[in-house]
Amino acid sequence: MEAINKFNGIVCPLNRVNVDTDQIIPKQFLKRIERQGFGQFLFHHWRFDDEGNKREDFVMNQMQYENAEILVAGENFGCGSSREHAPWALLDYGFRVVIAPSFADIFYNNCVKNGILAIRLTEEEVNGIMEKAQEPGYRLFINLKDQDITDRKGFTAEFDIDPYWKEMLLNGWDEIAVTLNLDEDIRSYEQKIGSGI
Amino acid sequence: MAPKTIIEKIWEQHIVHREEGKPDLLYIDLHLVHEVTSPQAFEGLRMNNRKVRRPDLTYATMDHNVPTINRHIINDPISKKQMTTLEQNCKEFGIELADINHPDQGIVHVIGPELGLTQPGKTIVCGDSHTSTHGAFGALSFGIGTSEVEHVLATQTLWQSRPKTLQIKVTGKLGFGVTAKDLILAVIAKYGVNAGTGYIMEYTGEAIRELSMEERMTVCNMSIEAGARAGLISPDEKTVEYLRGRRYAPQGEEFEKAAERWLALATDEGAEYDLTLEIAGEDIEPQVTWGTNPSMGSGISASVPNPEQFERQADRESVSRALDYMDLQAGTKLEDIPVDYVFIGSCTNSRLSDLRAAAEVAKGRQVQEGITAIVVPGSQTVKQAAEAEGLDKIFTEAGFEWRESGCSMCLAMNDDIVPSGKRCASTSNRNFEGRQGNGSKTHLVSPPMAAAAAVTGKFTDVRKLAKVHQ
Ligand code: SF4
């Protein structure tokens with residue numbers, strides 16, 4: 001995965017709570033056997049009507065958010081199915097950062113593994129960002145190393161992240177390679193428990 | 001020694017590596033694989049020249065895509081490709097596969113327990129969020145994403161942060177006509193889809209102890225709908241008896257030894273949880289969801305709520321969006337809502353006891369005209385057992401369709417789709433927008449409630465239909 005530290009981008013406000021992964025990427029698009037190419041299907045039923053026309057009233061279809069790279073949403077974002085196609089679709093569409101008051105556990109892990117920075121802020125902070133993001137071109141500046149977020153209008157917030165995930169993201173490490181370095185430990189565990197299902 | 005929960009006991013037994021400031025590296029005892037979330041993981045292994053570390057701890061099946069009629073005609077070329085890809089991957093990496101022609105084929109969370117692969121004290125993962133089902137046996141089981149699938153294939157381990165523990169205590173007894181599905185829907189309605197986020201849940205209390213193993217699976221299955229990655233129940237004699245003689249369970253003397261170990265895993269008297277939530281079994285009615293997430297539901301005697309009655313602005317907005325999508329008016333009695341489709345199946349409710357309970361309601365009645373009602377057994381084994389006792393006949397005589405095993409209309413990835421605008425009474429676990437087909441409207445219910453809806457044409461309190469035979 002690609003390393004991430006300092007990042008700034010236009011903010012797209014998705015003012016909904018409990019956004020589930022069935023909405024992020026509907027199941028009819030899960031049939032590919034690659035990791036790429038899911039961006040075009042992101043939020044498909046919210047972006048397009050049954051005839052495939054763009055729904056003009058959906059926030060991501062508005063011109064000012066066309067190049068947004070930071071998605072801000074309500075609590076419990078990414079609940080439901082464990083499909084990793086959801087972060088693949090977000091990344092492929094161009095979102096590198098997602099901000100919400102809370103995330104579903106599996107979705108959060110899936111983000112980290114793909115180099116997406118999922119940031120928890122308070123509900124108040126998130127609401128404040130949603131409001132300011134109504135204005136065209138509103139950007140947030142994120143510094144993972146210092147764990148802070150700012151804008152050009154004097155807003156600053158700090159965020160928490162597990163030190164292990166932080167290190168992964170900062171370095172863009174391949175987690176499997178890291179674990180395989182612990183092969184000794186895995187082997188001695190296996191010897192201890194014996195083998196077989 | 002300080003008393004411990006089963007969650008802590010299993011966790012500690014599986015630590016391969018622990019370091020300050022890092023999650024724990026846990027060993028995985030069983031990895032279940034299906035066709036939709038695995039292709040990219042195998043591809044990753046190939047690209048990096050990696051092997052599957054323990055094919056002997058890995059077991060695969062096909063369930064999400066498979067057709068439930070004319071099994072061998074797969075119209076969708078991409079579905080077909082996912083299935084043949086799984087076949088090739090299992091062959092290449094030496095993994096046992098119950099493919100579409102295999103007598104053990106079925107929904108991954110139905111066949112794991114059926115084959116005795118699922119056992120107390122195991123860590124079990126699968127690229128599917130309803131892996132929590134296996135928690136019914138006192139196994140620590142949870143859903144993972146595809147990158148984690150690849151990680152487990154390559155290393156047989158997973159990095160996991162120590163979760164907090166949440167006790168869901170269900171006191172008292174369930175009333176007549178109230179099932180395990182109603183129990184878990186009531187818990188989610190009361191505490192919300194977010195209640196378990198960051199926790200592993202253990203279900204305790206008299207009402208849980210009374211449940212059969214199949215009913216416990218229904219409860220644990222929906223832990224993820226309350227936000228928890230895993231939910232489990234301490235093993236007891238019922239757990240042991242269920243597993244006795246199953247193909248992959250230990251046999252003979254080994255079994256007795258294992259049983260002793262399993263029973264010792266149960267949470268110790270006096271162990272503490274980070275949080276406890278309670279619900280009274282007696283208060284639970286048969287449930288119906290009216291909205292677009294599993295917490296938007298109530299007892300059958302209630303009406304569709306008014307968004308204005310919710311305290312938080314965010315809830316008012318999402319309830320009002322949900323009612324729009326579901327095309328429901330606040331104040332409509334749940335019992336006045338008509339249905340177009342009925343689906344009995346999914347990893348939540350497709351086991352033999354589920355089908356029996358639905359058949360009891362269907363017996364001697366007729367599916368109302370204009371309603372499509374399908375019954376999809378969870379596995380080939382369930383299907384055969386049901387046919388052996390004539391359940392298929394009861395269903396078909398009542399006007400239900402009797403299908404082959406698979407996920408089917410739970411997520412409508414095969415041809416079993418609820419058309420746009422149609423309303424479905426479904427025994428599955430998710431009522432998200434479009435889950436059963438673009439524009440479809442899903443109401444989650446128990447198997448008897450689904451059968452009652454089919455034969456009356458609308459949601460009906462099944463207790464009014466059932467002969468009182470207590
Ligand atoms: S039945 Fe539904 S919820 Fe269960 S594994 Fe299949 S698709 Fe997932």
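Just so we're on the same page: letters track the sequence lines, and every chain starts at 1.
Under the 4.0 Å criterion applied to side-chain N and carboxylate O atoms, A:D57 and A:R55 are not assigned as salt-bridge partners. Here A:D160 does not pair with A:R120 in a salt bridge; the nearest charged N to carboxylate O distance is not below 4.0 Å. With respect to A:D92 and A:R35, no salt bridge is recorded, no charged nitrogen being found less than 4.0 Å from a carboxylate O. Ionic pairing of A:R152 and A:E135 is not present here: no N-O contact between side-chain nitrogen and carboxylate oxygen is shorter than 4.0 angstrom. A salt bridge links B:R46 with B:E43: the distance from a Lys NZ or Arg NE/NH1/NH2 to an Asp or Glu carboxylate oxygen falls below 4.0 Å.
Taken to the nearest 0.5 Å, the OG atom of B:S147 stands 8.0 Å off from the CD1 atom of A:I176.
You'll find the ring centres of A:F38 and A:F29 outside the 6.0 Å limit.
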Worksheet entry | Test log, rule salt bridge (Lys or Arg N to Asp or Glu O under 4.0 Å), inputs A:K113 and B:E150 | CA-CA 11 Å; A:K113 314 267 156 153; B:E150 186 179 338; over 6 Å; no

- Query: Please walk me through it: do A:K153 and A:E131 pass salt bridge (Lys or Arg N to Asp or Glu O under 4.0 Å)?
  - Reply: CA-CA 13 Å; A:K153 308 184 155 178; A:E131 221 161 90; over 6 Å; no

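Both the backbone and the side chain of A:Y164 have a heavy atom closer than 4.5 Å to some heavy atom of chain B. Using a 4.5 Å cut-off between heavy atoms, A:F103 touches chain B through its backbone atoms (N, CA, C, O) alone. Of the atoms belonging to B:T85, it is side-chain heavy atoms, and not backbone ones, that fall under 4.5 Å from chain A. At a 4.5 Å heavy-atom cutoff, the contact between A:R16 and chain B is made by side-chain atoms alone. Neither the backbone nor the side chain of B:H130 comes within contact range of chain A; no heavy atom of the residue lies under 4.5 Å from a heavy atom of that chain. In this structure, the portions of A:I186 lying under 4.5 Å from any heavy atom of chain B include both its backbone and its side chain. B:D76 touches chain A through its side chain: at least one heavy atom from C-beta onward sits under 4.5 Å away, while N, CA, C and O do not. Neither the backbone nor the side chain of B:T131 comes within contact range of chain A; no heavy atoms are under 4.5 Å apart. If you measure heavy-atom distances from B:T197 to chain A, the contacts under 4.5 Å come from both the backbone and the side chain. At a 4.5 Å heavy-atom cutoff, the contact between B:R430 and chain A is made by side-chain atoms alone. Of the two parts of B:S318, only the side chain, counted from C-beta on, holds a non-hydrogen atom closer than 4.5 Å to a non-hydrogen atom of chain A. Of the atoms belonging to B:S38, not a single heavy atom falls under 4.5 Å from chain A. Looking at B:A41, only its backbone comes within 4.5 Å of chain A, counting heavy atoms on both sides. Residue B:Q160 touches chain A through its side chain alone, counting heavy-atom pairs closer than 4.5 Å. Both the backbone and the side chain of A:A177 come within contact range of chain B, with heavy atoms under 4.5 Å apart. Using a 4.5 Å cut-off between heavy atoms, A:S102 contacts chain B through its side chain alone, with no backbone atom that close. Contact of B:I78 with chain A is made through backbone and side chain together, with heavy-atom distances under 4.5 Å. In this structure, the portion of A:N18 lying under 4.5 Å from any heavy atom of chain B is its side chain and not its backbone. Heavy atoms closer than 4.5 Å to chain A are found in the side chain of B:R312, but not in its backbone.
No other option in A:T21, A:D183, A:L182, A:V17 has as many heavy-atom pairs under 4.5 Å with chain B as A:L182. When B:K22, B:Q156, B:E19 are compared by the number of non-hydrogen pairs under 4.5 Å with chain A, B:K22 comes out ahead. The candidate from A:E175, A:H44, A:Q28 with the greatest count of non-hydrogen atom pairs under 4.5 Å with chain B is A:E175. Comparing A:V178, A:L180, A:N15 by how many heavy-atom pairs each has under 4.5 Å with chain B, the most go to A:L180. With respect to chain A, the highest number of heavy-atom pairs below 4.5 Å among B:A154, B:P23, B:G227 belongs to B:P23. Of the listed residues (B:I15, B:I144, B:N438, B:L25), the one with the most heavy-atom contacts under 4.5 Å to chain A is B:N438. For the options A:T179, A:N110, A:D162, heavy-atom pairs under 4.5 Å to chain B are most numerous at A:T179. Of the listed residues (B:I224, B:V193, B:T37), the one with the most heavy-atom contacts under 4.5 Å to chain A is B:V193. In terms of heavy-atom pairs under 4.5 angstrom with chain A, the leader among B:E148, B:R53, B:Q13, B:H64 is B:R53. Heavy-atom pairs under 4.5 Å with chain A peak, among B:E35, B:R50, B:R229, at B:R50.
For the pair B:I417/B:M409, no side-chain contact is recorded, criterion being any heavy-atom separation below 4.5 Å from C-beta on. Contact of the B:N431 side chain with the B:P294 side chain is registered, since non-hydrogen atoms from C-beta on lie closer than 4.5 Å. Side-chain contact between B:Y248 and B:Y59: present, with at least one pair of heavy atoms (C-beta onward) separated by less than 4.5 Å. Counting only heavy atoms from C-beta outward, the side chains of A:M60 and A:W46 never approach each other to under 4.5 Å.
With 3.5 Å as the limit, one finds no donor-acceptor pair spanning the side chains of B:Q40 and B:T146. Checked by atom type, the side-chain pair A:Y138/A:Q64 shows no donor-acceptor distance below 3.5 Å.
Residues satisfying the salt bridge (Lys or Arg N to Asp or Glu O under 4.0 Å) criterion with A:E158, sequence neighbours excluded, are absent altogether.
Of the options B:N414, B:D415, B:D416, a side chain to side chain donor-acceptor pair (under 3.5 Å) to B:S408 is made by B:D416 and by none of the others.
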